[in-house]
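Scroll down for the structure; my scribbles are underneath it.
Residues take their numbers from the sequence shown, with the count starting at 1.
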Amino acid sequence: MKFPYSEKVLEHFKNPKNVGKIEEADGKGLEGSPACGDMVAVYLKVNPETTVIEDIKFESYGCASNIATASMITEMAKGKTLEEAKAITWKQATEELGGLPSVKAHCSVLAVEGLRAAIRDYEEKHGLVTENEPTTEDIVRSRLKHVMNPMAGLDIVRTELVLKIEVKEGAVRILLDLPSTHQFASAIKEDVLEKIESLWDVNEVKVVFTE
Ligand code: FES
C-alpha cells in the first residue's frame, strides 16, 4: 500500500524530534482540534533576556500528520525569539514537510496552535500581554478547554466535567462534576488554577467539587 505522505513526513513521524515534557517549563500550551478531538501539548524554556526559545518539547495525542508537524514546528521554533516563533504558520510547516493531504490540514493547524498557546502562556506569566479584555465566563471556559480530563483523554469542558463557572469582581468559581476524593481531583484542580490564575484581572480562583 502506498502512503499519501512524503518521505519527510514519514521520517518525522517515525523519529519525531523534541518529543516529551519539560518539567518546570516557562510556558505550556495544550490545544485540542475541533475537527477531530485530538490534542497536543507544547512546553517551552525561554531565555528571559532575549526571549529566545532555548528548549521546546511536545506530546501529541494526535495522528501521524500531527506528530510530524509538531516535530517540524518545534525544530523551526527552537532558537527563535517568541515573536519570530509566533510567525510560524501551519502552511510553512506543511511546506517544510513536503506537503500533507488536504484532509490533514487541521492536524498541522493543531500543532501550530499548541506552539502559540505555549507562547501566550509564557507572555501572560511574564506580563508581556498588552491587549487585556475583562475576564468573562466564556474566556474562562475557553481556558478550561486546555485542561485535560485524564479519564477521557479530552478536555474537561468537552467531557462535561465543568458544571458551572461564575466570574465576579476578580473572583472566579468553578464547579466540577467530580468528588474531591477522586484520584484525579487534585491534578485537575492544579491544572485549572494554573490556567485561570494567570488571567490579568483575576485575583481569586476557587475550584469546587461536587462532594
Ligand atoms: Fe486528529 Fe490528525 S486526525 S490530529
I would like to know whether R173 and E204 meet salt bridge (charged side-chain N to carboxylate O under 4.0 Å, His left out); could you show each step before the answer? CA-CA 8 Å; R173 185 174 176 276; E204 188 192 343; over 6 Å; no
Heavy atoms, side chains only, cut-off 4.5 Å: are T69 and L110 in contact? no
Would you tell me whether D201 and T135 have side-chain atoms, one donor and one acceptor, within less than 3.5 Å of each other? yes
Do you reckon V140 sits in the same ILVMFWY cluster as L193, going by side-chain contacts under 4.5 Å, direct or chained? yes
If you define the side chain from C-beta out and look only at heavy atoms, does anything of L44 sit under 4.5 Å from D121? no
If only atom types and distance count, is the side chain of R120 paired as donor or acceptor with the main-chain N or O of L115 below 3.5 Å? no
Please report the interatomic distance CZ(R158) to CE(M148), rounded to the nearest 0.5 Å. 10.0 Å
Rounded to the nearest 0.5 Å, what's the gap from CD on E83 to CG on L128? Could you check? 9.0 Å
Whether K45 side chain and E24 backbone form a donor-acceptor pair below 3.5 Å: yes
Side chain proximity check, F209 to P179, heavy atoms < 4.5 angstrom: no
Would E166 and K164 pass as an ion pair if we require N to O under 4.0 Å? yes
Hey, what do you get for CG (L161) to CG (L144), rounding to the nearest 0.5 Å? 10.0 Å
Kindly compute the distance separating CG (D155) from CG (N149), expressed to the nearest 0.5 Å. 8.5 Å
Do E59 and Y43 have side-chain atoms, one donor and one acceptor, less than 3.5 Å apart? yes
Please check: side-chain N/O of K80 versus main-chain N/O of I53, any donor-acceptor pairing under 3.5 Å? no
V52 and V46, any side-chain heavy atoms less than 4.5 Å apart: no
Around atom CD of E190, are there more than 12 heavy atoms from other residues, nucleotides or ligands closer than 6.0 Å? no
Within the side chain of T94, is there an N or O that forms a donor-acceptor pair under 3.5 Å with the backbone of W90? yes
Any heavy-atom pair between the side chains of V205 and L199 that's under 4.5 Å? no
Here the gap from E31 atom CD to N66 atom CG, rounded to the nearest 0.5 Å, amounts to 11.5 Å
Kindly indicate whether the side chain of S198, heavy atoms from C-beta on, has any atom under 4.5 Å from the side chain of R143. yes
Going by heavy atoms in the side chains, are L175 and V162 under 4.5 Å from each other? no
Atom pair OG1/CG of T210 and D177 - distance to nearest 0.5 Å: 5.5 Å
CA sep, side-chain torsions, deciding dist, call: E124, H126, side chain to side chain contact (heavy atoms under 4.5 Å, CB included): CA-CA 5 Å; E124 278 173 358; H126 293 79; over 6 Å; no
Which atom of M76 lies closest to which atom of A93, heavy atoms considered: SD-CA, 4.1 Å
Please confirm whether the backbone N or O of T89 pairs with a side-chain atom of Q92, one donor and one acceptor, at under 3.5 Å? yes
Take atom NZ of K189 as the centre, draw a 6.0 Å sphere, and report whether it contains more than 12 heavy atoms from other residues, nucleotides or ligands. no
Is the number of heavy atoms from other residues, nucleotides or ligands under 6.0 Å of K195 NZ greater than 12? yes
Could you check whether any side-chain heavy atom of S71 comes within less than 4.5 Å of a side-chain heavy atom of F58, counting everything from C-beta outward? yes
